[in-house]
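Okay, handing you the structure first.
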Amino acid sequence: MTAMNPANHLDELGQRTLRRVRGRLMPLVVLLYFIAYLDRNNVGFAKLTMSEDIGLSASAYGLGAGIFFLGYALLEIPSNGGMYKFGARKWIARILISWGIFATAMALVNGEVTFYIVRFLLGAAEAGFFPAILFYLTLWFPAAQRVTVLGIFILAQPISNALGAPVSGLLLQMEGIMGLHGWQWLYIIEGIPAVLLGLLTPILMTDRPSHAHWLKDDEREWLTKTMDDELAHKQKGQPHHFLAGLKDPRTVAYSALYFGLVCGIYGLGLWMPTIVAALGKFSTTEVGFIVAIPYTIAAVFVYFWGRRSDRTGNRVMHASISMIMAAIGLLAAGFLVQVNAVLALVALTLAAMGIYSAIAPFLAMPSTALVGAAAAAGLAMVNSLGNLGGFVAPYAVGLFNDATGDNRSGLVFLAACLGITAVATYLYAHKRPEGHVKPGTPATVGEEAVAADEFDIKG
């Protein structure tokens, strides 16, 4: 069958193809990211009982929670080089197995030093996973659907917190079973799925559209040609080799902006159980179910906001408004946390909605600006340097909490980070082409292209 022009990407064949691709790929990648986010953030729940058992202060916990991101940042770019060499499917499987081992090994920590070491190793093991999945999605979905798909992927973050929170709270109740603390059972039970999924990923994942034998012939032909045409359009007039992505000034700028956004993501995520526990006299199980509320509402909003960003094509406005919303929520929570528990929870819900809905439209911008191997390197660098905010924010919040004895100053700090980042993102990107994509036009398809051919992804 004759391949169709990508300008007609919304016709029946295109819709049918992308619907099939979404149904095949998205459940798996969302599940993988769900497990990743669960294993990096469950330390927030473990802290509720672990801190007393092994003698952690708030600042020591904040340092250990954040040191994950030092290992993550140091190995992010080398890890993406490994994906470039061995292929996304095999490399993602390797990442899953190694981080599952260290996530389970968190049950062995017995003091500050071992806490820091294993958290660092866990971050090093997980390095490269997020940009590998992000790049993988750009191989399969045309530009006009990019933020919606990223939004579905990002849904794994609030969903992981929403579902993981009550489960983690319940696992803490396993105190004393087989001589282990509840927090040790939490790490063991939540770490094992990563290893199991790592063994299954090479079987379940397909590297590129031309290898997708589960697509019909006309669907595979349409998708392969669409992505090839995107690559051809995007490659005009700009370098696309691996090192070009590291040296591109846009990569540096988006790395700095992402740092501010990540401060909000993990500053809130790693301290949310502690903040909720301070709202009243709750058991760990009750804390788990209460923490689930903001994340459940945020998950619904993320999907709505991502689709709206795709319909309008205005990435920068959607990202900036979301961060402003999060800053307002965190600032309000800081002043309400000791005044009214219900209103404080409403404010935290607003913050979660803003933080998680900002991620997809924000990440669509650097993926628009770069192409091919440069995109893989650039996205890895953005994620690597940006995720240093995951080190700075939890540690800073812990220091503020130790110094003041409450959560207010830490929440105000996070609000300031997000507010400044929102303004800076708008000022930098609002006149740049990657901040605005016209939906439904042939140019749109080319603007955000990254294709598998440039990577020579191996099966």
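Atom set for the values below is all heavy atoms of this structure, side chains included, hydrogens, waters and symmetry mates excluded. For clarity, every value in this text was computed on a predicted model and none was experimentally measured.
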Notebook entry, point to check: What do the steps show when you test Tyr33 against Ile133 for side-chain contact (heavy atoms from CB on, under 4.5 Å), and what is the final call?
Noted result: CA-CA 9 Å; Tyr33 198 42; Ile133 292 290; over 6 Å; no
Notebook entry, point to check: Do you know which two heavy atoms are closest between Thr296 and Ala162, and how far apart they sit?
Noted result: OG1-CB, 3.4 Å
Notebook entry, point to check: Phe304 vs Phe301 aromatic rings, parallel, tilted or perpendicular, using cut-offs 30° and 60°?
Noted result: tilted
Notebook entry, point to check: What is the distance from atom CG of Leu122 to atom CD1 of Ile67, rounded to the nearest 0.5 Å?
Noted result: 12.0 Å
Check: Is a side-chain donor-acceptor pair under 3.5 Å present for Ser283 with Thr285?
Finding: no
Item checked: Residue pair Leu350 / Met325, side-chain heavy-atom distance below 4.5 Å -> yes
Margin query: Looking at Gly334, is its backbone amide N or carbonyl O close enough to the side chain of Arg408 to form a donor-acceptor pair, meaning the two atoms are under 3.5 Å apart?
Written below: yes
Check: At their closest point, which heavy atom of Ser255 faces which heavy atom of Val382, and how far apart are they?
Finding: OG-CA, 3.2 Å
Checklist line | Main-chain N/O of Asp39 paired to Glu190 side chain as donor or acceptor, under 3.5 Å | finding: no
Note to self: Please find the pair of heavy atoms, one from Ile95 and one from Ala127, that lie closest to each other, and give the distance.
What the structure shows: CD1-O, 3.6 Å
Check: Looking at Leu279 and Ala344, what are the two nearest heavy atoms and their distance?
Finding: CD2-CB, 4.0 Å
Check: Any idea which heavy atoms bring Ala358 and Leu261 closest together, and the distance?
Finding: CB-CD1, 4.0 Å
Check: Within the distance-only criterion (no hydrogens, no angle test), does the side chain of Asn387 pair as donor or acceptor with the backbone N or O of Ala73 below 3.5 angstrom?
Finding: no
Checklist line | Leu345 backbone acceptor or donor facing Thr349 side chain under 3.5 Å | finding: yes
Margin query: Just verifying a value: how many Å separate Trp99 CH2 and Leu121 CG, rounded to the nearest 0.5 Å?
Written below: 15.5 Å
Notebook entry, point to check: Once the angle between the rings of Tyr254 and Phe362 is folded into 0 to 90°, is it parallel (under 30°), tilted (30 to 60°) or perpendicular (over 60°)?
Noted result: perpendicular
Margin query: Could you measure the distance from the CD1 atom of Ile92 to the CZ atom of Phe129? Nearest 0.5 Å is fine.
Written below: 6.5 Å
Item checked: Stepwise side-chain contact (heavy atoms from CB on, under 4.5 Å) check, Phe68 with Glu126 -> CA-CA 9 Å; Phe68 168 98; Glu126 196 182 313; 3.5 Å; yes
Item checked: Heavy-atom side-chain contact between Ile188 and Ile192 under 4.5 Å -> yes
Notebook entry, point to check: Hey, is the main chain of Ser322 close enough, under 3.5 Å, to the side chain of Trp305 for a donor-acceptor pair?
Noted result: no
Note to self: When you compare the side chain of Val43 with that of Arg119, does any pair of heavy atoms fall below 4.5 Å?
What the structure shows: yes
Item checked: Donor-acceptor side-chain pairing of Arg94 and Ser98 below 3.5 angstrom -> yes
Note to self: Return the CG to CG distance between Leu348 and Leu343, rounded to the nearest 0.5 Å.
What the structure shows: 11.0 Å
Item checked: Stepwise side-chain contact (heavy atoms from CB on, under 4.5 Å) test for Tyr258 and Leu363 -> CA-CA 8 Å; Tyr258 195 45; Leu363 290 177; 4.0 Å; yes
Note to self: Quick one, Val118 and Leu108 - any side-chain contact, counting heavy atoms below 4.5 Å?
What the structure shows: no
Note to self: Please find the pair of heavy atoms, one from Arg89 and one from Met205, that lie closest to each other, and give the distance.
What the structure shows: CD-O, 2.7 Å
Next item on the list: Among Phe120, Tyr266, Phe259, Tyr395, find the one that has a ring pair (Phe, Tyr, Trp, His ring centres under 6.0 Å) with Phe69.
Entry: Tyr266
Notebook entry, point to check: Can you check side-chain contact (heavy atoms from CB on, under 4.5 Å) on Met227 and Arg208, steps first, answer last?
Noted result: CA-CA 10 Å; Met227 303 312 294; Arg208 56 196 294 181; over 6 Å; no
Check: Arg24 versus Trp140: any side-chain heavy-atom pair under 4.5 Å?
Finding: no
Next item on the list: Starting at OG1 of Thr312, measure out to CZ of Arg307 and round the result to the nearest 0.5 Å.
Entry: 12.5 Å
Next item on the list: For residues Arg22 and Phe141, determine if any side-chain heavy atom of one lies less than 4.5 Å from a side-chain heavy atom of the other.
Entry: yes
Checklist line | Heavy-atom side-chain proximity of Glu219 to Leu13 below 4.5 angstrom | finding: yes
Margin query: Tell me whether Arg315 contacts the main-chain N or O of Ser309 through its side chain, where contact means a donor paired with an acceptor under 3.5 Å.
Written below: yes
Note to self: Within the 4.5 Å heavy-atom criterion, are Leu331 and Val412 side-chain neighbours or not?
What the structure shows: yes
Item checked: Pairwise distance OH(Tyr356) to OH(Tyr295) - rounded to 0.5 angstrom -> 4.0 Å
